[in-house]
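Note sheet for the following structure.
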Amino acid sequence: MTVYAAGAVLWRIENNQLKVALVHRGRYDDWSWAKGKVDPGETLPETAVREIREETGLKIKLGVPLGIQRYLLPNKNLKEVHYWAAKVSDKALASSDFEPNEEVAEVVWLTASAALKKLSYSHDHEQLDQLISLHKKGQLDTVPLIILRHAKARSRATWKDGEASRPLLTEGNAQAEALPKLLKAFGAKKVYSSPWTRCLSTIAPYAQRAKVKVKTQPEFTEAANAKKPQQTKAALEGIVAMGKPAVICTHRPVLPTMIETLENSATKAIKIKLHLAAGLKPGSFTVVHLDKKRQIVDVETHSPLVRKKK
């Protein structure tokens, strides 16, 4: 049996120094990263954000992924912990409502070198080493660009009123309703979409709950991309150049054009991950983490977890 968990390495810059947050668990008398087990019906990014809130009192958005820890528990079950970097702003730190509790007795901010000495477990060094490396390369402070494929829609064969108005299926609407909490974990503040019905219906629940407006862009429709792919590329490049956390809801046939556009800012290893995005399932999305120079640091893909009705 595998026990799944998620957490984050919280970081900030203080007096030009990189500092990270460690939590002290009184029950085990250890120092580690804030993390916790997945609750039923929860995705890993959702777990990471919730656990950080519960254990540290901080509201965060997830940055670049920092890998996965796997180790055996005393009962011989395998534990798999997924980690992300998460920048903590001065405003978030000031608004923290942390109070010592049965699970976490203390939260401390330390320099990276002090944290290496303080951590109780050697496997926690992996995430810190990666964090330090990204910081030295100027790639720790990232902005997410989220490419979302619209949710499950009616088949072309069963819809005779034109592609622009083809709607979502019941399953697609359920996917759309499951997306907001998952997308919120990455904090997209700009929302763009193809103006076709199935895309607008997919992104609407997130836009409503995030209280942001959806900017429709015809360049992200199937028809516009097929006719003038250069305009699709230009529209995407314009969003990337803004350097703001953003989500774009589009169609499967448009994905290869987007990937081709983003490849110019990717290493060979990243290109492999990008190409996997061409196979996004309905309602799934790829998060492209961009540094200040608009270079791709990492890529990850997620799908909403639709809760089955009893």
Side-chain angles (χ1 to χ4, degrees), residues 6 8 10 12 39 41-54 56-64 84-97 141-153 167-168 172-221 235-236 238-251 282-290 300-307:
L10 308 177
R12 63 191 179 97
D39 279 349
E42 208 174 41
T43 62
L44 288 161
E46 291 171 34
T47 299
V49 172
R50 175 184 56 76
E51 284 291 339
I52 296 303
R53 178 76 174 122
E54 292 177 358
T56 70
L58 292 165
K59 295 179 180 180
I60 56 99
K61 304 302 179 188
L62 301 179
V64 66
W84 284 264
K87 183 180 181 179
V88 177
S89 66
D90 291 340
K91 182 179 178 181
L93 192 63
S95 62
S96 171
D97 56 4
D141 198 356
T142 57
V143 170
L145 172 68
I146 301 171
I147 308 298
L148 168 66
R149 179 182 172 184
H150 67 72
K152 188 74 173 178
L168 297 181
N173 285 315
Q175 290 173 330
E177 288 297 326
L179 276 168
K181 197 173 180 181
L182 178 53
L183 286 170
K184 185 181 177 182
F186 299 96
K189 296 179 180 178
K190 298 286 185 180
V191 178
Y192 303 88
S193 177
S194 154
W196 289 5
T197 299
R198 52 192 182 276
C199 283
L200 290 175
S201 298
T202 298
I203 200 61
Y206 175 72
Q208 290 166 2
R209 291 174 207 180
K211 297 181 180 179
V212 295
K213 292 183 179 180
V214 178
K215 182 177 181 180
T216 56
Q217 298 217 201
E219 298 92 340
F220 296 138
T221 63
L236 177 57
I239 293 171
V240 170
M242 289 177 63
K244 302 290 184 182
V247 56
I248 303 170
C249 189
T250 188
H251 310 263
S284 299
F285 61 86
T286 290
V287 185
V288 180
H289 296 276
L290 298 161
E300 56 182 306
T301 295
H302 297 283
S303 299
L305 189 58
V306 177
R307 293 157 180 80

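Predicted model, so just to flag it, every value in this text is computed and none were measured. Counting from 1, the numbers follow the sequence of the chain as shown.
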Check: Given side chains that start at C-beta, do those of D39 and T47 come closer than 4.5 Å, heavy atoms only?
Finding: no
Margin query: Testing the basics here: between P245 and V143, what is the closest heavy-atom pair and its distance to 0.1 Å?
Written below: N-CG1, 3.4 Å
Item checked: Check: R50 and E42 side chains under 4.5 Å, non-hydrogen atoms -> yes
Note to self: Any side-chain to backbone donor/acceptor pair from T250 onto F220? Under 3.5 Å, distance only.
What the structure shows: yes
Notebook entry, point to check: Is there a donor-acceptor pair under 3.5 Å between the side chain of E54 and the backbone N or O of E51?
Noted result: no
Margin query: We want to know whether T43 and H302 form a side-chain donor-acceptor pair, criterion being a heavy-atom distance below 3.5 angstrom.
Written below: no
Item checked: Closest approach of I203 to C249 (non-hydrogen atoms, all atoms of both residues) -> CB-CB, 4.2 Å
Notebook entry, point to check: At what distance, to the nearest 0.5 angstrom, does NZ of K61 lie from OG of S89?
Noted result: 11.0 Å
Check: Under 3.5 Å, side chain of S193 to main-chain N/O of P195, donor-acceptor pair present?
Finding: no
Checklist line | S284 OG to H150 NE2 distance, which is reported to the nearest 0.5 Å | finding: 12.0 Å
Check: If you take all heavy atoms of P304 and A178, which pair is closest and at what distance?
Finding: CB-CB, 3.9 Å
Item checked: Taking every non-hydrogen atom, the tightest pair across G41 and L305 -> C-CD2, 3.6 Å
Item checked: Those residues that, when tested against R149, pass side-chain contact (heavy atoms from CB on, under 4.5 Å) (two or more places apart) -> R252, L280, P282
Next item on the list: Give a yes or no on whether the backbone of A151 and the side-chain of T202 come within a donor-acceptor separation of less than 3.5 Å.
Entry: yes
Notebook entry, point to check: Does the side chain of I147 reach to within under 4.5 Å of the side chain of V287, using non-hydrogen atoms?
Noted result: no
Note to self: In the structure I gave you, are the side-chain heavy atoms of L183 and F285 within less than 4.5 Å of one another anywhere?
What the structure shows: yes
Notebook entry, point to check: Going by atom types only, do T286 and T301 share a side-chain donor-acceptor pair under 3.5 Å?
Noted result: yes
Item checked: Close side-chain approach of T142 and L290, heavy atoms under 4.5 Å -> no
Checklist line | Interatomic spacing from CG in L148 to CG in L179 - rounded to 0.5 Å | finding: 6.0 Å
Next item on the list: Output yes when a side-chain donor or acceptor of Y206 lies under 3.5 Å from a complementary backbone atom of K181, and no otherwise.
Entry: no
Item checked: Chi angles and distances behind the side chain to side chain contact (heavy atoms under 4.5 Å, CB included) call for V49, K184 -> CA-CA 9 Å; V49 172; K184 185 181 177 182; over 6 Å; no
Item checked: Donor-acceptor contact below 3.5 Å, side chain T221 vs main chain P218 -> yes
Next item on the list: I would like to know whether V88 and I60 meet side chain to side chain contact (heavy atoms under 4.5 Å, CB included); could you show each step before the answer?
Entry: CA-CA 7 Å; V88 177; I60 56 99; 4.1 Å; yes
Check: Distance-only, no hydrogens or angles: does the S95 side chain make a donor-acceptor pair with backbone N or O of A92 under 3.5 Å?
Finding: yes
Note to self: Distance check, rounded to the nearest 0.5 Å: I146 atom CD1 versus E300 atom CD?
What the structure shows: 9.0 Å
Note to self: Please report the interatomic distance NZ(K213) to CD(Q208), rounded to the nearest 0.5 Å.
What the structure shows: 14.0 Å
Next item on the list: Hey, could you give me the SG/CG distance between C199 and L168, rounded to the nearest 0.5 Å?
Entry: 8.5 Å
Notebook entry, point to check: Can you check side chain to side chain contact (heavy atoms under 4.5 Å, CB included) on Y192 and I239, steps first, answer last?
Noted result: CA-CA 9 Å; Y192 303 88; I239 293 171; 3.7 Å; yes
Item checked: Which residues share a salt bridge (Lys or Arg N to Asp or Glu O under 4.0 Å) with K152, sequence neighbours left out -> none
Notebook entry, point to check: Is there a side chain to side chain contact (heavy atoms under 4.5 Å, CB included) between L58 and R53 once you walk through the steps?
Noted result: CA-CA 5 Å; L58 292 165; R53 178 76 174 122; over 6 Å; no
